[in-house]
Amino acid sequence: MTEQSKSARTGGAGSGRRRKPRAPRSRRTAVLVSGAVAVLVLGGAGLGYVYVKLDGNIKGVDINAQLGDDRPDDVDDGSMDILVLGSDSRAGDNGAYGKDEGGARSDTAMVVHVYEGHKKASVVSIPRDTLVDRPSCADGRGGAVGGEQRAMFNTAYEAGGPACAVKTVESMSGIRMDHYIEVDFTGFKKLIDELGGVEITTTTAIKDDKSHLDLRPGTHTLDGEQSLGLVRTRKSVGDGSDLGRIQLQQAFMKAFIDQVKDVGVLGDPTKLLGLADAATKAITPDSELDSVKELMGFAKGLSGIGAQNVHMVTLPVEYDPRDPNRVIPLEAQSRQVWTALKNDRPIPASATRDAATGKADGVVR
């Protein structure tokens, strides 16, 4: 593919413009999208000499080819929607975090909506235990996966991979996802270590044997292992629900974004290369972001967004009357959330009023 054709396909570096449907590419090419790719922005053109090395780290997935034309309209309004998944696969190095039972699920799911002008964003976290009507979809291996009613949201990834997760989100929201980025456990941990840790403040003690986390109240600089423990912590914070864990994840994401924007690596090529190497190994993007040049353009389009300009909510849900270990979307409020993003408008406060929460808000800041 020529550079000219790539530029046309991505809408120009950093434009973020939604694209009209195109012929699928035949070439096959997971919690914190802004942080993971923003490290590529810090060095600007200085990364040119390592493009080949970094390009070799990136393995993308052709979402468009698998989904075909049965998708929401591709609206060209200057905004951008990205599905970010954190994979809980226990394969390979991730086996240290649990038994590999033959499949991965989306442990973390966020829809990131970047508003026109790319100065602010909204993030909608989808609880993994949300019961949804999962649509039928391709499985990424040439087969198909049947739809299922009252399926846990995170089984979409397990059943049909990234494309099935994207199709499920598009079915729920009515919004076409412009991009997909997946971050895995091991890559996330290494990226934090290369960054030099992330500073957070805890207002209460957090001790969780399952995530191997033990923090007293106060300010901490978390290394990769501790950061991974924090975003996986559940039982020991708030009401012990997945909703509480989402609140921790959202607080950590804001700290991570600010840390990446503040880190001084322009004068340290070794540190810059280490960050870029870790970032490109940590993520699996869609096939429109499967090169350093494409990721650079994408990340530059997000570089004007600081943590103070990111509004984070959890999809409005309530506990399922038939199964208290599951949640179901509050129909009217969820429709408010998706309608706001579809029209490139802020999410109204009324959309999350009276929704279930994990009671962990403010534990980390």
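Small disclaimer: the values here were computed from a predicted structure and weren't measured.
Looking at Thr202 and Arg216, their side chains never bring a donor and an acceptor atom within 3.5 Å of each other. Side chains of Gln249 and Ser125: a donor-acceptor N/O pair is absent below 3.5 angstrom, by distance only. Between the side chains of Asp77 and Ser79, at least one donor N or O sits under 3.5 Å from an acceptor N or O. If you check the side chains of Asn64 and Glu288, you find a donor sitting under 3.5 Å from an acceptor.
Between the side chain of Ser291 and the main chain of Glu294, a donor-acceptor pair closer than 3.5 Å is present. Remark: side-chain polar atoms of Ser173 are not paired, donor with acceptor, to backbone N or O of Trp338 under 3.5 angstrom. A distance-only check finds a donor-acceptor pair linking the side chain of Glu170 to the backbone of Met177 [under 3.5 Å]. Under a 3.5 Å cut-off, the side chain of Asp178 and the backbone N or O of Ile82 do not form any donor-acceptor pair. Proximity of a side-chain donor or acceptor of His220 to a complementary backbone N or O of Ile200 within less than 3.5 Å is not detected. With hydrogens and angles disregarded, a donor-acceptor distance shorter than 3.5 Å links the side chain of Asp344 to the backbone of Glu116.
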Practice item. Under the salt bridge (Lys or Arg N to Asp or Glu O under 4.0 Å) rule, what do Asp258 and Lys254 come out as? Steps first, then yes or no, please. Key: CA-CA 6 Å; Asp258 277 346; Lys254 285 195 172 187; over 6 Å; no
Check your understanding: Run the salt bridge (Lys or Arg N to Asp or Glu O under 4.0 Å) check on Lys359 and Asp239 step by step: do they pass?
Key -> CA-CA 6 Å; Lys359 306 188 186 319; Asp239 62 1; 5.4 Å; no
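Judged by the 6.0 Å and 45° rule, Arg128 forms no cation-pi pair with Tyr157.
How far CG of Leu330 is from CZ of Arg353: 13.0 Å, rounded to the nearest 0.5 Å. Rounding to the nearest 0.5 Å places CE of Met110 at 13.0 Å from OG of Ser122.
For the side chain to side chain donor-acceptor pair (under 3.5 Å) test, no residue two or more places apart in sequence or in another chain qualifies with Thr339.
Both Val310 and Met80 are part of a single hydrophobic cluster, where members link through side-chain heavy atoms under 4.5 Å apart.
A perpendicular orientation is assigned to the rings of Tyr115 and His113, their planes being inclined by more than 60° (bins at 30° and 60°).
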